[in-house]
Protein chains: 2
Amino acid sequence: MASKLFVSAQEVARRAGVSRSAVSRTFTPGASVSAETRQRVLKAAEELGYHVNHLARGLMRNESGIVCLIVSDVATPYRAAVLRELTLQLQNAGKVAMLINTDRSDGSVDRALHQAIRYRADASVILSGLPDKSIVQLCLRSGQRLVLINRDDDQPGPLRINVDDADAGSRVATAFARAGCRRLAFANSLAGTPSLVRREKGFVAAAAALGLEVVVERYGATGYEAGQVLAQRLLTRSERPDAVFCATDLLACGFMDAARRQFGLAVPSQLCVAGFDNIEQASWLSYELTTFAQPVDRIAKYAIDWLGTDDNGEDGPEPITLPAELIWRSSIRGG
Amino acid sequence: MASKLFVSAQEVARRAGVSRSAVSRTFTPGASVSAETRQRVLKAAEELGYHVNHLARGLMRNESGIVCLIVSDVATPYRAAVLRELTLQLQNAGKVAMLINTDRSDGSVDRALHQAIRYRADASVILSGLPDKSIVQLCLRSGQRLVLINRDDDQPGPLRINVDDADAGSRVATAFARAGCRRLAFANSLAGTPSLVRREKGFVAAAAALGLEVVVERYGATGYEAGQVLAQRLLTRSERPDAVFCATDLLACGFMDAARRQFGLAVPSQLCVAGFDNIEQASWLSYELTTFAQPVDRIAKYAIDWLGTDDNGEDGPEPITLPAELIWRSSIRGG
DNA sequence: TTGTACGCGTTATCAT
DNA sequence: ATGATAACGCGTACAA
């Protein structure tokens, strides 16, 4: 319940003895103001504590400078890292990030996009979930740009940036084979997002090509606890796997801890493990996990660069697929 | 460069065959509209994909609904957890979070606050760094509320929420003493933020009262790597400590890993360790760290509840101090 | 209950 | 280069 206390351009104009327009021009890059008026305006603004009202500016320019970041599980290491990169690069580009936390509930992403529309965000970046087709259409009609990261949607319009999960899966299979592993396993969550599916398929297919079978087990969300449960299930099999590809690093950490503590297995001598995401914990001494780094910086750069373009092709921009970088540590034999 | 594509209330009014005010009233809770016009407006709005422009609404009401979250090191587990809680509760309160990432550079927080002012944020929550006094004054004059979390500033006006670090430090000392430890150490970063200082002082003072001396070592930032370095320094002393209080869990993880791998020490039999923050990793099997949980949910609740009050006392609200909760795991003997 | 008219703080346009 | 004026989309006082 704030009553009008912010300083307006009008007041600055009065104090500087110029017109409102002069004030506006002073704060509009590339406008023509004489050095003198400019100084007087700046002085008055400084004294009064004036700052351009971006709400009003956005109203006029039809460009708010706001970019909406739509994410679930913000506190997860990988998500937090993406968030950091996006907000940082957004700020460097002169934009500002609006953060909306979604849950797994139905329509959560749709509600977030409505919020983005209400604030006339210039763009929305979707990192979790998948919006309804109708909402996507609404956003595009409204001139709001959309970026889908690792969402693997097929409708045209949004910029789609994906990491090459299948390739990563395939490379893990090869590495396991080279390490002399024979009984492969894939530890996945029940989430069933496109990226996880591709990771699994790429791994299974490559293993088959190498003449190796894969046991696939799925459980819970992509967290540490799920990794423990999956270890329980996979390592009690009569034919115990000697190599496990975990769908995420978080899963891998839980899996490794359970494998060592509860089953007394040594990594990598008795069990090879690979993960995905290259979260900070993967490099910790307790894990030294061989994993794949998503090119988070490049993903963010592609997204933000596109926001600056006028590229308004009919069917939207071409989808982008980026390779994941293999980070070799010591959870797989050889190397 | 979006040209006016968003649907306006005017267009909805035309389609519904009513005045523009009727549309406005339909979307203003508590306004008087007949059930019939209301229905017609809602129908037209639905068909057109209309959503209230919060930029314009904010301009009118002098209340943007935006709350600015000012943080550095967003990707850090503790910070990410706070962020999650704040955004979630903010959304439940009908507000929206604007996220600004600061670095350690000078004036970084000040720039963030200027951004908050430009977007006419109703409030700013500062989780890192400390703003200049003049900026704080400007915010308050402008009617923008300020919340400082664990910042320990003394100027009146902002809501100050702090965790009782000294008490936590004191309780660790007691626990160590009870475990029969004699040579205590405190592993801190060079950051020197008020909370870290209080944590250290509380620990040292309580240890002194118990007749125990404390070796204090400081290095780097509050991260995993610093923990490793601090272990190197503390565990190579002639009088090797048998108990270490690490300023943060992240430090503690690095410390424990180094202690076990490089010095072959067993926790807690040969070395007791305590941390702070209760990050997710503290509960992992590799650490099982005894630590303190900051009441993140309550902190967020206090902050957001205050934003809803009209409380405009002269010197601002009373500072709030919340206790940290001791989470007992197995990195300290006994229990 | 409904519509008209005005103001919120900007920027853009158009004279000067 | 400068100032007056219109418009952006909305809420609301006021009159009907």
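Quantities reported herein were computed from a predicted structural model and do not represent experimental measurements. Below, read A as the first sequence line, B as the second, and so on, with proteins coming before strands; counting in each chain starts at 1.
- D:dA1 atom C1' lies 16 Å from atom CD of A:Gln39, rounded to whole Å.
- Looking at heavy atoms from C-beta onward, B:Val71 lies out of side-chain contact with B:Asn101 at the 4.5 angstrom threshold.
- Spacing between atom CD of B:Glu11 and atom P of D:dC8 amounts to 10 Å, rounded to whole angstrom units.
- Inter-axis angle, ends of the helix from C:dT1-D:dA16 to C:dT16-D:dA1, five pairs per end, rounded to 10 degrees: 40°.
- In this structure, OH of A:Tyr119 is placed 22 Å from P of D:dC8, rounded to the nearest angstrom.
- Within 6.0 Å of atom OH in A:Tyr302, 12 or fewer heavy atoms from other residues, nucleotides or ligands are found, so the atom counts as exposed in its surroundings.
- Note on A:Ser34: every side-chain N or O is 4.0 Å or more away from OP1 and OP2 of D:dA1.
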Checklist entry - Should B:Arg79 and B:Ser72 be marked as a side-chain contact (heavy atoms from CB on, under 4.5 Å) after you check the CA-CA gap, both sets of side-chain angles, and the distance that decides it? => result CA-CA 8 Å; B:Arg79 291 282 165 74; B:Ser72 73; 3.4 Å; yes

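- In the displayed structure, A:Arg38 atom CZ is contacted under 6.0 Å by at most 12 heavy atoms of other residues, nucleotides or ligands.
- Partners of A:Arg298 under the salt bridge (charged side-chain N to carboxylate O under 4.0 Å, His left out) rule, at least two apart in sequence or in another chain, do not exist in this structure.
- Residues B:Leu55 and A:Arg120 meet the side-chain proximity criterion, which asks for heavy atoms closer than 4.5 Å.
- Ion pairing between a basic and an acidic side chain is recognised when a charged N comes within 4.0 Å of a carboxylate O; B:Arg160 and B:Asp152 show no such pairing.
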Distances for protein N or O near nucleotides 10-12 of chain D N or O, under 3.5 Å:
unit_1 : atom_1 : unit_2  : atom_2 : d
D:dC10 : OP1    : B:Tyr50 : OH     : 2.8
D:dC10 : OP1    : B:Asn53 : N      : 3.1
D:dC10 : OP2    : B:Ala9  : N      : 2.5
D:dC10 : N4     : B:Arg20 : NH2    : 3.4
D:dG11 : OP1    : B:Arg57 : NE     : 2.6
D:dG11 : OP1    : B:Arg57 : NH2    : 2.8
D:dG11 : OP2    : B:Ser24 : OG     : 2.7
D:dG11 : O6     : B:Arg20 : NH2    : 2.3

Checklist entry - Passes ring pair (Phe, Tyr, Trp, His ring centres under 6.0 Å), B:Phe27 versus B:Tyr50? Steps please. => result CA-CA 11 Å; B:Phe27 291 99; B:Tyr50 168 76; 5.3 Å; yes

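- Remark: P of D:dG9 and CG of A:Asn62 are 7 Å apart, rounded to the nearest angstrom.
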